[in-house]
Protein chains: 2
Amino acid sequence: MSEPVTSAERAVGTLREVILSGELPAGARLGEAELAERLGVSRTPVREALSRLAAEGLVDIVANRGARVATWTVEELEGVFELRLLLEPQLTSLAVPRATPEDADALEVLAHQMFEVGCPGPHQDLDSLVPLNRTFHERLVTIADHAALAGALASAIHPPIVARNFHAYDGPALRRSLGHHLEIVTALRAGDAEWARSVMAAHICNARAVMLQAARDESTADPTPADPTGRPS
Amino acid sequence: MSEPVTSAERAVGTLREVILSGELPAGARLGEAELAERLGVSRTPVREALSRLAAEGLVDIVANRGARVATWTVEELEGVFELRLLLEPQLTSLAVPRATPEDADALEVLAHQMFEVGCPGPHQDLDSLVPLNRTFHERLVTIADHAALAGALASAIHPPIVARNFHAYDGPALRRSLGHHLEIVTALRAGDAEWARSVMAAHICNARAVMLQAARDESTADPTPADPTGRPS
DNA sequence: GCCCCTTAGGTTGCACACAATCGCCCAGGG
DNA sequence: CCCTGGGCGATTGTGTGCAACCTAAGGGGC
């Protein structure tokens, strides 16, 4: 995470955050002129930023028709979860012997914060759950310290999906998900890589199941579930 | 592989081929003006192409200092092989039930061609082995038909390494490698996904062992093995 | 003789201008 | 009423110019 020195790098970072935070819905149009004005630069660095984000898979670019926030079909989402199921348990396993006590503390704090804002009740705040979850998983990846796996995972994650998923969780699924985070910390403290790997695998399977259920609901309620131009509302 | 309609897309394709074929050595300077003249376009599409290839990991860009063909340390290479070890056996396994008889025929032809040009003797031609090998693995990925895994793999493969590797193979290792291709075709024809997966895993372990041996030789012979500016001739 | 500073050359980063392409709207005909 | 064709606005793709930056070489000082 080096300091961005060029306008294009700043634009990449800003746009990535905007997309990852879900501020722009999937399928939203990304006009070059509009973004250039919003970021206070000319169209050139914006174009470069969009190209790079397209290579990352966060935006779709069609020649002469502009850029949009990437959208995915259910089949593609299933593929992404299969990939995560290969990579994240392995990364978690690698993280166990490398984690320092400070790492474990930080992860535990995150897991507990997620529990507080995630538990049904007056303090429930699913939106603030999303960044906490992302921080938790990113920290785990950082600890694993494996650039190749981390890069492959980053190219697959597409956090807008994760954000949508948190709102799709029902009570039991959310409780399982939050419990997984705590259990991973416990396994980490115990130095049991196999334990941590297994919980992470379960964690992803749980998320996949939620995603598939949400997709089913959507397809039965909405006759055009894959419409990329706009949301029904 | 859709038809490129813009100059930038053509530039991406051309540059990717140039780098993947090894025509430009790792660490070679990629001047914008030079490439623009070579491709017959202005610097703008060249810049866009370099950005996209940088996102793919094929070139390194440093602000105000230009682009170079990407280089990798031994640690990074080990990471890449670990990633391949997760992805390619899985992809191979997925390919088995999807392969048609024509797919198997095509793979078998490729495997036999590699055997002919790879066997020690008057016809040995390691350079023509490289594109055949790439075609074989790409075909397998195509059959598996799993976009997410394929994308993650493509971001990791860095074929210049593979090219270097073929010249580093000694007789037994090369024979093993060529035999693996044939055995994968056999397993594919038998419909045995577990067999194919295992052979592919062995295939990658073999390649990794060759790479590590070559790196050891290089580090004992050359006091500056990671010099990015040029090769020792 | 060695080191540092200055200066010159070349390359990249960005902005702007023009040309090409696409989608939309409306008029006209069947 | 629906379909087809042409014009128009908007947006993207590409070329070019200028400013900023880095690298390297030469001269002066210690």
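The chains referred to below are lettered A, B, ... by the order of the sequence lines, with proteins before strands, and numbering in each begins at 1.
Salt bridge annotation for B:Arg47-A:Glu48: present, with a cationic side-chain nitrogen under 4.0 angstrom from a carboxylate oxygen. At a threshold of 4.0 Å, the pair A:Glu102-A:Arg139 does not count as salt-bridged, since none of the basic side-chain nitrogens sits closer than that to a carboxylate oxygen. Between A:Glu23 and A:Arg38 there is a salt bridge, since a side-chain N of the basic residue sits under 4.0 Å from a carboxylate O of the acidic one.
Rounding to the nearest 0.5 angstrom, the gap separating the CG atom in B:Leu188 from the OG1 atom in B:Thr92 is 9.0 Å. A distance of 13.0 Å separates CG of B:Leu129 from CZ of B:Arg134, quoted to the nearest 0.5 Å.
Partner of A:Arg43 under the salt bridge (charged side-chain N to carboxylate O under 4.0 Å, His left out) criterion, out of A:Glu32, A:Glu37, A:Glu34: A:Glu32 alone.
Remark: the B:His137 side chain and the B:Glu88 side chain contain an N/O donor-acceptor pair separated by less than 3.5 Å.
Taking five base pairs at each end of the helix from C:dG1-D:dC30 to C:dG30-D:dC1, the local helix axes there meet at an angle of 10°, rounded to 10°.
Where DNA chain C meets chain B (any atom under 4.0 Å from a heavy atom), the bounding nucleotides read 5' to 3' are C:dT11 to C:dG13.
When all heavy atoms of B:Val69 and B:Ala26 are compared, the pair lying nearest together is CG1-CA, 3.8 Å. B:Ala11 approaches B:Leu39 most closely through the heavy-atom pair CB-CD1, 3.9 Å.
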Fill in the blank from the handout: Quick tally for nucleotides 8-14 of chain D: nucleotides whose base has a protein heavy atom under 4.0 Å get B, sugar-phosphate-only ones S, the rest -, giving ---SBBB

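Using modelled atom types, one side-chain atom of A:Asp103 and one backbone atom of A:Thr100 make a donor-acceptor pair closer than 3.5 Å.
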